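In what follows, a single structure is set out as C-alpha cells and then discussed.
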Amino acid sequence: MKLFLWWILIKVVTLTECSNIFPRFLYEKKEPKNEFRGEDRIVKGIDIPISYAPWQVSLQKVGATTRMHFCGGALIADRWVLTAAHCVKSVSRMDLLKVVLGVNDIKSSSVPVFDVERAITADYDLTTRCNDIAVLKLTESTLPARLRLLRKKNVGKLPPPGFYPKESCIVSGWGFKSAEESKLPDSLQAAKVRPMDSNECQIRYNQLGDVDILDGMMCAGGGETDACQGDSGGPLVCPSDKDGYVIAGIVSWGVGCATRGIPGVYTNVSHYLEWIQGAINPES
Ligand SMILES: *[C@@H]1O[C@H](CO)[C@@H](O)[C@H](O)[C@H]1NC(C)=O
C-alpha cells in the first residue's frame, strides 16, 4: 500500500469541447464511434503493476474468437466482484461475460479467466444514472493461493458507513489512453484524483446543462487526471483513517474525460453498503 505514495503526475491532457454525458464503458464498434472521437482518452497517471491494485479486475465480453475488455471491477470478497450496473447491463448473456484478474496483461491468452455464476444489479436508472452498482459472483475461488499467485491478499476493503474521503484518491483501469489509439494499454493505469464535494460538483455540472449529482454519487477529479471510457466499473480507492485504502467509489460517468474543471462521477460505495451486504448474503 505504501507504494501508492509514489505518485508522479506529469501528463497534461489536451482538452476538447464536449457536452454529452457518457457512461465510461467501451462502446462496441457498431455504436456511433464518431461522437466519441477526441474524447475517449484516459487520463493519465502512470503504469502500475497489478500488485499495487491487486483487487482490480477486467470485465471482458466473449466474441466468436476474442475476449474484449470493456469495463473494470474490484474484488471485495473471495469470488465477489464489485462493478457498475451499466457494465453488467451492456452484456446480453451472462455466459458471454468473463472476469480476468491477477495480471497486468489482460490480453494475454494465458491468464486466469473466471466465469460468472450470478450477477446482481441494483435498480439502475439509465436516465439519471442513479444506482450504478452491481456485484458478480464468480464460479470459482479467487483467493491468491488458488491462483498460485504469491501475494497474500487480493480483496479490497469496503469503506466504513458514512465514509467521506478527505485526501486524494486513486482511480485505476485499462481504458484507452488516447482517442488515436485503438489498442488498450498494455499495463494497468492509475491516476490520482481529488475528491470534490457534491455541492461544488453540482455547480460545475450546472455549467453544462441539466445534469444532477444525486445521492449515491460522488465526484472526484476536475484537474488533469480522470477516468475515461473503458474504466467504468473500476475502483476509486481512497485513504481511510483506520483502514488504509478502501474502495470508496466505482467509475460511473463523466462529460468527456478530464474536461477542465469538470470532475468524474463515481458511485459512492459507502452509500450502498447495505445493498452490497444484501446482495452477497441474502439471508442475513
Ligand atoms: C457517501 O455516502 C455516505 C452514506 O450515505 C455519506 O455519509 C457520504 O457523505 C457520501 N460521500 C460523499 C463523498 O458524498
Side-chain angles (χ1 to χ4, degrees), residues 4 7 21 23-24 43 45 53 55 72-74 76-77 80-87 120-125 128-135 156-173 190-208 210-223 225-227 231-255 257-259 261-281 284:
F4 269 132
W7 287 128
I21 296 158
R24 291 179 158 179
V43 181
W55 42 79
I76 51 166
W80 287 96
V81 171
L82 183 68
T83 187
H86 77 262
C87 291
I120 303 158
T121 306
D123 189 15
Y124 175 62
D125 186 308
T128 61
R129 298 167 300 280
C130 208
N131 302 326
D132 197 7
I133 186 167
V135 289
K157 276 198 196 121
L158 291 173
F163 180 66
Y164 194 96
K166 292 190 216 88
E167 293 163 66
S168 282
C169 303
I170 291 148
V171 61
S172 50
K192 194 171 178 177
V193 285
R194 189 169 303 169
M196 184 184 284
D197 169 78
S198 291
N199 294 326
E200 174 62 23
C201 184
Q202 180 67 67
I203 292 167
R204 304 289 181 98
Y205 271 96
N206 285 345
Q207 304 164 17
L208 303 172
D210 197 9
V211 187
D212 290 323
I213 306 302
L214 301 166
D215 262 10
M217 297 177 184
M218 60 185 272
C219 301
T225 56
D226 196 7
D231 293 319
S232 267
L236 174 76
V237 297
C238 305
S240 162
D241 296 341
K242 305 188 286 294
D243 301 311
Y245 279 90
V246 295
I247 299 180
I250 302 169
V251 177
S252 183
W253 58 275
V255 170
C257 298
T259 308
I262 305 295
V265 185
Y266 297 80
T267 307
N268 176 356
V269 176
S270 183
H271 187 81
Y272 292 97
L273 289 176
E274 280 179 30
W275 182 87
I276 294 169
Q277 283 315 323
I280 293 183
N281 295 311
S284 65

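Both counts, for ligands and for their atoms, begin at 1 and track the order of listing. Every value quoted in this text rests on a predicted model; they were computed, and no experiment measured them.
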So, is His271 polar-close to ligand 1, with some N/O to N/O distance under 3.5 Å? yes
Would you mind finding which of Tyr266, Tyr272, Tyr164 brings a heavy atom closest to atom 9 (O) of ligand 1? Tyr164
Where Val81 and Gly73 come nearest, the two heavy atoms and their spacing: CG1-CA, 4.2 Å
Strictly under 6.0 Å, is that where the ring centroids of Tyr205 and Trp253 end up? yes
Donor-acceptor contact below 3.5 Å, side chain Gln202 vs main chain Val211: yes
Students should be able to answer this: which protein heavy-atom is nearest to atom 7 (O) of ligand 1, and at what distance? Gly162 CA, 3.3 Å
Ligand 1 atoms in contact with Phe163 (distance to a heavy atom under 4.0 Å): 1 (C), 8 (C), 10 (C), 11 (N)
Please step through side chain to side chain donor-acceptor pair (under 3.5 Å) for the pair His86 and Ser232, ending with a clear verdict. CA-CA 8 Å; His86 77 262; Ser232 267; 2.7 Å; yes
Filtering Asp215, Asp197, Ile213, Asn268 for the heavy atom nearest atom 11 (N) of ligand 1 leaves Asn268
Closest contact, heavy atoms only, Ser270 versus Pro161: OG-C, 3.6 Å
